Colleague: 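Sharing a structure here in structure tokens format.
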Amino acid sequence: MKHGCRYGTHRVIEPAGTLPQPALKLDNSTEIFDNEVLIDVITLNIDSASYTQIKNACGADPERMRSMISSIVRERGKMQNPVTGSGGMLIGKVMAIGPDFPDKKLKVGDKIATLVSLSLTPLNLKRIIHLDPESDQVDVEAQAILFESGIFSVLPEDLPEKLALAVLDVAGAPAQVDRLVQEGDTVCILGGGGKSGVLCCYQAMKNVGPYGKVIVVEYAEQNAARIRDLGLATHVIVADATQVMDVYNKVTEITGPRGCDVTINNVNVPDTEMTSILITKGQGLIYFFSMATSFTKAALGAEGIGKDLKLIVGNGYAKGHADLSLNILRESREIRELFEKLYV
Ligand code: NAP
């Protein structure tokens with residue numbers, strides 16, 4: 001065996017000189033380097049923006065979706081959607097650990113969730129066992145590689161593994177909300193009725209306290225109703241987040257013309273950058289967790305209307321994010337029941 005690059009550059013086939021995430025093609029051979037881990041994959045949790053794009057492109061036909069996913073992995077050696085650029089994450093069982101892998105507590109046979117994106121994870125996909133167009137969790141027969149720098153979490157014993165996978169996929173979002181939202185803030189969560197949205201709402205309500213506001217903008221009445229029923233926001237607006245002026249008018253009816261202190265963007269569709277920008281106060285802050293965000297549109301759009309804002313790219317990793325997000329399920333029986341119904 002050989003020692004590979006800590007960041008996995010030894011697996012990049014093309015273009016030479018790039019890291020695995022932006023690379024077009026990775027070496028997905030299952031013979032590991034000294035500082036890698038080989039994982040027997042159970043389930044892929046495909047990122048929502050990616051899965052939605054695949055589903056739309058295939059007319060929600062499961063056979064076409066299977067073949068599109070298989071061909072992406074065949075071409076790229078990883079599950080990175082060429083349109084959205086995004087990946088997702090996986091759960092699986094550790095099959096082999098190179099002698100130089102730094103975490104000495106990890107054991108062969110442990111069940112883990114990788115906390116690095118599928119968009120940089122070498123994946124050798126043999127077969128798709130189960131795919132449901134309504135669920136972004138896809139059961140597979142496959143092997144994956146974790147690099148020396150790859151973060152992971154051993155799956156907790158008190159939660160079903162698919163539930164943990166669903167939550168860990170979006171763990172960065174509530175962890176960032178915890179960092180960014182202060183007591184008394186007015187916060188707007190676009191796409192607040194989805195998976196990451198619900199976790200963000202819970203965390204935002206906790207952080208703003210009794211004098212703050214949490215406003216959810218959600219497309220589907222059913223998802224909006226969930227937020228109302230669970231008391232996860234102070235205000236719920238049913239609207240299409242791509243309709244800038246409509247959302248701006250509805251949000252500012254609640255906030256006044258000043259707008260929100262913090263906006264969290266959790267939608268899974270493009271063209272919501274300007275909505276986020278318009279509803280946020282000058283010198284306020286926007287966290288774009290959505291992978292459908294165009295950072296060109298956001299940056300040029302803010303400049304275009306002369307708005308000085310902090311625009312934060314949705315880094316999926318924040319220190320302690322796995323524990324924080326799993327603890328939400330432990331703290332809130334209602335969210336746990338909802339997630340068990342929707343994602344397990
Ligand atoms: P999700 O469960 O599908 O939630 C998305 C929510 O947005 C849904 O409730 C959806 O409503 C709503 N929505 C869609 N179009 C809308 C519109 N036009 N107006 C208002 N609401 C709308 O997705 P998720 O798993 O929480 O992921 C959310 C986003 O985060 C995705 O873009 C995903 O790619 C991204 N993500 C980022 C990272 C990262 O590391 N930064 C990691 C994981 C995921 P409907 O159900 O009615 O469509």
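Computed from a predicted model, the values in this text were never measured in an experiment. Each ligand, and each atom within it, is numbered from 1 in the order the structure gives.
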Colleague: Check whether the side chains of Ser86 and Ser50 place a donor and an acceptor atom closer than 3.5 Å, and report yes or no.
Modeller: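 There is no such pair (donor and acceptor under 3.5 Å, judged by atom type) between the side chains of Ser86 and Ser50.
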Colleague: Starting from atom 33 (C) of ligand 1, locate the nearest protein heavy atom and write down its residue, its atom name and how far away it is, to 0.1 Å.
Modeller: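 Looking only at protein heavy atoms, the one closest to atom 33 (C) of ligand 1 is Asp47 OD1, 3.1 Å.
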Colleague: Kindly check if the number of other-residue, nucleotide or ligand heavy atoms within 6.0 Å of NZ (Lys319) is above 12?
Modeller: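 Atom NZ in Lys319 is not packed in, count stays at 12 or less.
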Colleague: So for ligand 1, is Gly314 a polar contact partner (N or O within less than 3.5 Å, distance only)?
Modeller: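 Indeed, backbone or side chain, Gly314 has an N or O that close.
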Colleague: So, does Ser50 sit close enough to ligand 1 that a heavy atom of it is under 4.0 Å from the ligand?
Modeller: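 Ser50 does not count as a contact of ligand 1 under the 4.0 Å cut-off.
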Colleague: Please confirm whether Gly194 comes within less than 3.5 Å of ligand 1 when only nitrogen or oxygen atoms on both sides are compared.
Modeller: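 Checking ligand 1 against Gly194, an N or O pair does fall under 3.5 Å apart.
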Colleague: Report yes if Ala49 has an N/O atom closer than 3.5 Å to an N/O atom of ligand 1; otherwise report no.
Modeller: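 Between Ala49 and ligand 1 (N or O atoms, distance only) the closest approach is under 3.5 Å.
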Colleague: Contact between ligand 1 and Gly172 is defined here as a heavy atom of the residue under 4.0 Å from a ligand atom; is it met?
Modeller: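 The answer is no, since Gly172 has no heavy atom less than 4.0 Å from ligand 1.
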Colleague: Establish, yes or no, whether a centroid distance under 6.0 Å links the rings of Phe33 and His3.
Modeller: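 Ring centres of His3 and Phe33 not closer than 6.0 Å.
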Colleague: Identify, by atom number and element, the atoms of ligand 1 in contact range of Gly193, meaning under 4.0 Å from any of its heavy atoms.
Modeller: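 In order of number, 9 (O).
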Colleague: Is any heavy atom of the protein nearer than 4.0 Å to atom 48 (O) of ligand 1?
Modeller: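 There is no protein heavy atom less than 4.0 Å from atom 48 (O) of ligand 1.
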Colleague: For salt bridge (Lys or Arg N to Asp or Glu O under 4.0 Å), just list the numbers for Glu75 and Lys25, CA-CA rounded to whole Å, side-chain angles, deciding distance to a tenth of an Å, and then say yes or no.
Modeller: CA-CA 7 Å; Glu75 255 165 52; Lys25 193 172 175 72; over 6 Å; no
Colleague: Measure the shortest side-chain to side-chain distance between Leu324 and Asp178 over non-hydrogen atoms and say whether it is less than 4.5 angstrom.
Modeller: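 With C-beta onward as the side chain, the pair touches.
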Colleague: Please report which non-hydrogen protein atom sits nearest to atom 3 (O) of ligand 1, along with the residue it belongs to and the distance in Å to one decimal place.
Modeller: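 It is Ser48 OG, 2.8 Å.
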Colleague: Using the six-membered ring of Tyr343, assess whether NZ or CZ of Lys162 lies under 6.0 Å from its centre and within 45 degrees of the ring axis.
Modeller: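 Here Lys162 fails the 6.0 Å and 45° test against Tyr343.
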Colleague: So, Asp271 versus Thr242: side-chain donor-acceptor pair below 3.5 Å or not?
Modeller: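 Note: Asp271 and Thr242 side chains miss the donor-acceptor criterion.
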Colleague: Which one of Ser117, Ser119, Gly316, Gly192 has a non-hydrogen atom at the shortest distance from atom 40 (O) of ligand 1?
Modeller: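 It is Gly316 whose heavy atom sits nearest to atom 40 (O) of ligand 1.
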Colleague: Mark yes when over 12 heavy atoms from residues, nucleotides or ligands other than Glu14 sit less than 6.0 Å from its CD; otherwise mark no.
Modeller: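 Result for CD/Glu14: enclosed.
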Colleague: Taking distance alone, with no angle check, do Asp240 and ligand 1 share an N/O pair under 3.5 Å?
Modeller: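 In this structure, Asp240 places an N or O atom under 3.5 Å from an N or O of ligand 1.
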Colleague: Going by heavy-atom distance to atom 12 (C) of ligand 1, choose the closest among His321, Glu218, Gln222.
Modeller: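 Ranked by closest heavy atom to atom 12 (C) of ligand 1, first place is Glu218.
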Colleague: Looking only at protein heavy atoms, identify the closest one to atom 28 (C) of ligand 1 and say how far it is in Å.
Modeller: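 Checking every protein heavy atom, the shortest distance to atom 28 (C) of ligand 1 gives Asn266 O, 3.1 Å.
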Colleague: Among all protein non-hydrogen atoms, which one is nearest to atom 17 (C) of ligand 1, and what is the separation to 0.1 Å?
Modeller: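 Heavy-atom neighbour on the protein nearest atom 17 (C) of ligand 1: Ala241 N, 3.6 Å.
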Colleague: Is there side-chain contact between Asp34 and Phe101, with heavy atoms separated by less than 4.5 Å?
Modeller: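 The answer is no; the side chains never approach within 4.5 Å.
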Colleague: Which residue holds the protein heavy atom closest to atom 15 (N) of ligand 1, what is that atom called, and what is the gap in Å?
Modeller: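 Minimum-distance protein heavy atom for atom 15 (N) of ligand 1 reads Val269 CG2, 3.4 Å.
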Colleague: What about Lys195: any of its N or O atoms under 3.5 Å from an N or O on ligand 1?
Modeller: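 Among all N and O atoms of Lys195, at least one is under 3.5 Å from an N or O of ligand 1.
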Colleague: Can you report which non-hydrogen protein atom sits closest to atom 6 (C) of ligand 1, along with the distance?
Modeller: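 For this ligand atom, the closest protein heavy atom is Gly191 O, 3.8 Å.
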Colleague: Identify, for atom 42 (C) of ligand 1, the protein heavy atom at the shortest distance, and state residue, atom and that distance.
Modeller: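 Residue, atom and distance for the closest contact: Phe289 CZ, 3.4 Å.
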Colleague: Can you list the ligand 1 atoms lying under 4.0 Å from a non-hydrogen atom of Ala220?
Modeller: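 Close to Ala220: 47 (O).
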Colleague: Any idea which protein heavy atom is nearest atom 43 (C) of ligand 1, and the distance to it?
Modeller: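 Nearest protein contact, heavy atoms only, for atom 43 (C) of ligand 1 is Asp169 O, 3.3 Å.
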Colleague: Ignoring hydrogens, just give me the one of Asn268, Val267, Ile237 whose non-hydrogen atom is nearest atom 29 (C) of ligand 1.
Modeller: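 Comparing heavy atoms across Asn268, Val267, Ile237, the nearest one to atom 29 (C) of ligand 1 lies in Val267.
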Colleague: Quick one: does ligand 1 sit under 4.0 Å from the side chain of Asn223, the backbone, both or neither, non-hydrogen atoms only?
Modeller: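 Answer for Asn223: side chain.
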Colleague: Does a sphere of radius 6.0 Å around NZ in Lys307 hold more than 12 heavy atoms from other residues, nucleotides or ligands, not counting ones at 6.0 Å or beyond?
Modeller: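 Atom NZ in Lys307 is packed in, count exceeds 12.
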Colleague: Please name the residue in the list Asp261, Thr255, Thr263 that meets the side-chain hydrogen bond (donor to acceptor under 3.5 Å, both in side chains) test with Thr280.
Modeller: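 Single pass found, and it is Thr263.
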Colleague: Examine the side chains of Thr43 and Gln137 and answer whether a donor and an acceptor come within less than 3.5 Å of each other.
Modeller: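 Thr43 vs Gln137: no donor-acceptor pair found between side chains.
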Colleague: Heavy atoms only: which of Phe288, Tyr219, Tyr317, Tyr343 lies closest to atom 20 (C) of ligand 1?
Modeller: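 The residue whose heavy atom sits nearest atom 20 (C) of ligand 1 is Tyr219.
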Colleague: Out of all atoms in ligand 1, which are within 4.0 Å of some heavy atom of Met291? Include the element for each.
Modeller: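 Listed by number with element: 32 (O), 34 (O), 35 (C), 36 (N), 37 (C), 38 (C), 39 (C), 40 (O), 41 (N).
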Colleague: Between Ala239 and ligand 1, which residue portion shows a heavy-atom distance shorter than 4.0 Å: side chain, backbone, both, or neither?
Modeller: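 For Ala239, only backbone atoms sit under 4.0 Å from ligand 1.
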Colleague: Quick one: do the Gln182 and Asn207 side chains pair a donor with an acceptor below 3.5 Å?
Modeller: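 No, because no side-chain N or O of Gln182 sits under 3.5 Å from a partner of the opposite role on Asn207.
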Colleague: Would the number of heavy atoms belonging to other residues, nucleotides or ligands and lying under 6.0 Å from NZ of Lys310 be above 12?
Modeller: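 Open: at most 12 neighbouring heavy atoms sit under 6.0 Å from NZ of Lys310.
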Colleague: With a 6.0 Å cut-off (strictly less than), is the heavy-atom count around CD of Glu334, excluding the residue itself, greater than 12?
Modeller: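 Result for CD/Glu334: enclosed.
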